[in-house]
Amino acid sequence: MTQFLFINSWWVPFYGLIGAVLTLPWAMGIVRRTGPRPAAYLNLLMTVVAFIHSVILFRDMWDREPQSFLFTWFKAADLDLSFALDVSPVTLGAAVLITGLSLLAQIYALGYMEKDYAIARFFALMGFFEAALSGLALSDSLILSYALLEMLTLSTYLLVGFWYAQPLVVTAARDAFLTKRVGDILLLMGVVTLASFAGSLNFSDLNEWAQTAQLSPLTSTLLGIALIAAPAGKCAQFPLHLWLDEAMEGPNPASVLRNSMVVSGGAYVLYKLQPILALSPVASEILVILGTVTAVGASLVSIAQIDIKRALSHSTSAYMGLVFLSVGLQQGGVALMLLFTHAIAKALLFMSAGSIIATTHTQDLTEMGGLWSRMPATTTAFVVGAAGLVTLIPLGSFWAMVQWANGFWIVSPWVVGVLLVVNGLTTLNLTRVFRLVFWGDPQPKTRRAPEVMWHMALPMVSLTIVTLLVPLMLQQWGLLPSWENTNWQAVTLLMASSGLGLAIGSTIYLHKAWSRPVQLQWRFLQDLLGYDFYVDEVYKVTVVLAVNSISKISAWIDRYILDGLVNLVGIVTIFSGQSLKYTISGQSQAYMLTILLGVGLLGLIISWSLGYIFQ
């Protein structure tokens with residue numbers, strides 16, 4: 001039985017796709033009498049099958065060598081386009097995490113979107129989401145990974161724009177799609193280049209080629225930039241980071257997967273491309289700069305947000321910045337561990353945030369307060385998720401950041417400083433959100449807020465338990481750093497940064513009546529962070545203005561020059577035809593004379609031209 005499941009391991013991504021297809025009769029309105037619920041149950045069933053399949057494979061592959069499945073799509077001359085799947089403990093662990101979080105998010109969606117008439121369409125899109133993510137986890141082919149990243153881009157566009165009747169939602173979906181397309185086009189250039197240089201697009205073959213590749217500095221730099229562009233867009237890295245903030249307009253169950261797994265998909269591809277990126281020192285430096293700027297900048301922006309989902313989404317960009325920084329410094333193991341611990345903690349935080357939104361019908365932090373006694377399960381989930389995201393012993397991110405500090409303390413101590421800043425600001429932000437939402441006096445919208453129904457509480461409580469068990473998982477897999485090799489100075493500094501952020505965040509109280517500072521300097525700082533360093537305004541006066549100007553010039557040329565020339569020919573033809581009709585006599589000799597004159601004139605012109613040439 002296990003061997004049969006192993007041979008058919010390539011079915012894991014297809015379960016989600018099958019679930020999406022099965023929901024189409026309800027999503028398209030073909031089946032109406034039963035209501036949309038059966039579509040949700042069918043998609044859930046396929047996700048359960050995918051989860052069980054991947055768990056069995058993960059347990060069976062733990063002590064076995066990685067295996068590869070090769071599917072040839074097109075082969076001609078030196079061009080070999082093959083789809084390879086990598087079945088290993090790492091890839092199957094990623095598949096288990098994706099299908100498990102997808103299962104919990106879908107059960108959560110049953111309660112969150114209970115009264116939404118388009119719930120069948122939502123579950124179809126979630127199945128599409130899951131299929132793309134699972135395929136990306138198992139993919140050992142760059143061309144297949146590129147196609148799956150395109151599926152994720154389309155899924156993001158459709159899920160962000162799910163409530164398309166709202167203008168702000170349409171704008172957010174458009175911006176998310178176009179921003180990601182910028183990076184995807186550059187990645188496609190890199191894929192074509194690698195196909196020409198390496199002769200294969202399988203990651204294992206590319207890694208072998210990178211060991212002996214001899215590229216000029218300019219070529220390796222341009223190739224590295226092209227390969228970095230798409231992950232930077234998918235992971236919401238500067239300057240392609242604004243879409244994730246706007247994407248919070250979509251349904252919260254989709255935000256659970258988007259902020260935990262979808263953004264990690266780009267970083268996962270970047271991790272697999274690490275040997276090729278190492279060919280260019282400039283590309284590695286770009287990764288380090290992008291990661292540092294995004295990690296620190298997004299952490300600062302998050303503390304000025306008054307929308308609960310946006311306050312959490314900016315911290316997602318910050319942690320993906322840390323992953324970029326790790327890959328740029330050739331610390332892929334640290335990056336994977338950080339991705340794992342961040343995914344679980346961030347999914348739990350967004351489930352807690354969704355429960356708050358569903359109960360209070362608001363996302364404004366200034367309209368909340370006093371929920372800890374009214375929503376105990378949600379409060380516990382938020383506390384555990386927040387603790388699992390920062391360096392609070394013994395939860396998961398503590399060990400990931402300790403491993404980070406151990407790797408960089410001697411080689412690049414300034415990188416540890418970046419981690420301290422991000423950890424401290426993240427702790428401050430999460431403490432601030434907790435104080436505003438759960439502590440203090442109840443507000444009108446929170447005074448009678450009940451706990452959420454079991455559809456939402458069950459996955460939230462289950463993920464709370466999983467978050468608490470992450471250290472045991474890491475110990476079972478042998479990923480915990482040993483006490484002998486632990487840098488206790490770094491641990492002390494990390495704990496101190498968490499304590500400082502906790503102390504400062506617990507003193508911040510943002511009342512609606514005085515949420516705008518009176519002092520101009522504090523108001524300027526608040527606006528600077530609240531509006532994301534005015535990056536959106538910079539885009540409007542640069543990229544958007546340039547595109548609009550070029551579009552207006554092109555439209556003017558098209559209307560007055562191209563169309564004008566065509567219209568001029570038409571007018572001349574009409575005018576000449578109208579004029580000639582009055583010269584018609586009906587006599588054949590007149591027609592013959594006209595033809596002879598025309599032929600004679602044409603002959604004179606040709607003979608004159610030939611005589612001029614032969615002279």
Side-chain angles (χ1 to χ4, degrees), residues 24 27-30 74 121 146-147 150-151 153-158 160-189 191-193 226 229-230 233 239-240 242-243 246 249 536-615:
L24 289 180
M28 297 172 64
I30 299 175
F74 180 80
R121 176 163 58 90
Y146 176 80
E150 293 297 289
M151 287 179 61
T153 300
L154 177 61
S155 302
T156 300
Y157 170 75
L158 295 174
V160 173
F162 182 77
W163 291 316
Y164 54 82
Q166 305 175 25
L168 189 59
V169 170
V170 175
T171 303
R174 178 202 64 194
D175 291 348
F177 183 79
L178 294 179
T179 302
K180 290 187 174 186
R181 293 301 300 152
V182 173
D184 292 342
I185 292 174
L186 293 177
L187 177 60
L188 181 58
M189 296 179 182
V191 169
V192 174
T193 303
L240 304 176
L242 296 179
W243 72 268
E246 297 182 14
E249 297 296 331
D536 192 21
E537 300 299 324
V538 173
Y539 274 134
K540 288 181 181 178
V541 299
T542 54
V543 178
V544 176
L545 180 62
V547 172
N548 285 339
S549 301
I550 294 173
S551 300
K552 290 179 181 178
I553 295 173
S554 176
W556 186 88
I557 294 174
D558 184 60
R559 182 174 181 179
Y560 293 104
I561 296 181
L562 299 179
D563 286 354
L565 181 61
V566 173
N567 292 337
L568 178 62
V569 173
I571 291 174
V572 170
T573 303
I574 293 174
F575 180 76
S576 60
Q578 291 291 334
S579 302
L580 287 173
K581 74 179 181 180
Y582 295 109
T583 64
I584 301 303
S585 62
Q587 298 178 355
S588 59
Q589 58 270 27
Y591 298 155
M592 293 297 297
L593 179 61
T594 303
I595 293 172
L596 289 174
L597 290 174
V599 171
L601 180 62
L602 181 62
L604 288 174
I605 294 173
I606 293 174
S607 61
W608 177 81
S609 301
L610 291 175
Y612 179 79
I613 292 173
F614 286 114
Q615 286 180 358

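Basis for what follows: all heavy atoms, side chains included, without hydrogens, waters or symmetry-related copies.
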Minimum heavy-atom separation for [X] and [Y], please, with both atom names.
{"X": "Tyr164", "Y": "Val170", "result": "O-CG2, 3.3 Å"}
{"X": "Val169", "Y": "Gly161", "result": "CG1-CA, 3.5 Å"}
{"X": "Lys180", "Y": "Gly233", "result": "CG-O, 4.3 Å"}

Nearest 0.5 Å, what's the [atom1]-[atom2] distance between [X] and [Y]?
{"X": "Asp184", "Y": "Phe177", "atom1": "CG", "atom2": "CZ", "answer": "8.5 Å"}
{"X": "Leu597", "Y": "Leu602", "atom1": "CG", "atom2": "CG", "answer": "12.5 Å"}
{"X": "Lys552", "Y": "Arg559", "atom1": "NZ", "atom2": "CZ", "answer": "14.0 Å"}
{"X": "Asn567", "Y": "Tyr560", "atom1": "CG", "atom2": "OH", "answer": "12.0 Å"}
{"X": "Ile557", "Y": "Asp563", "atom1": "CD1", "atom2": "CG", "answer": "12.0 Å"}
{"X": "Leu601", "Y": "Ile606", "atom1": "CG", "atom2": "CD1", "answer": "10.0 Å"}

Q. Quick check: does any side chain N or O of Asp558 sit under 3.5 Å from a backbone N or O of Ser554, one acting as donor and the other as acceptor?
A.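 No.
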
Q.
For Asp175, is there any backbone N or O sitting under 3.5 Å from a side-chain donor or acceptor partner on Thr179?
A.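 Confirmed, Thr179 side chain pairs with Asp175 backbone.
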
Q: Flag yes if more than 12 heavy atoms outside Phe162 fall under 6.0 Å of its CZ atom; otherwise flag no.
A: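 Enclosed.
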
**Q.** Stepwise salt bridge (Lys or Arg N to Asp or Glu O under 4.0 Å) test for Arg181 and Glu150
**A.** CA-CA 9 Å; Arg181 293 301 300 152; Glu150 293 297 289; 2.2 Å; yes

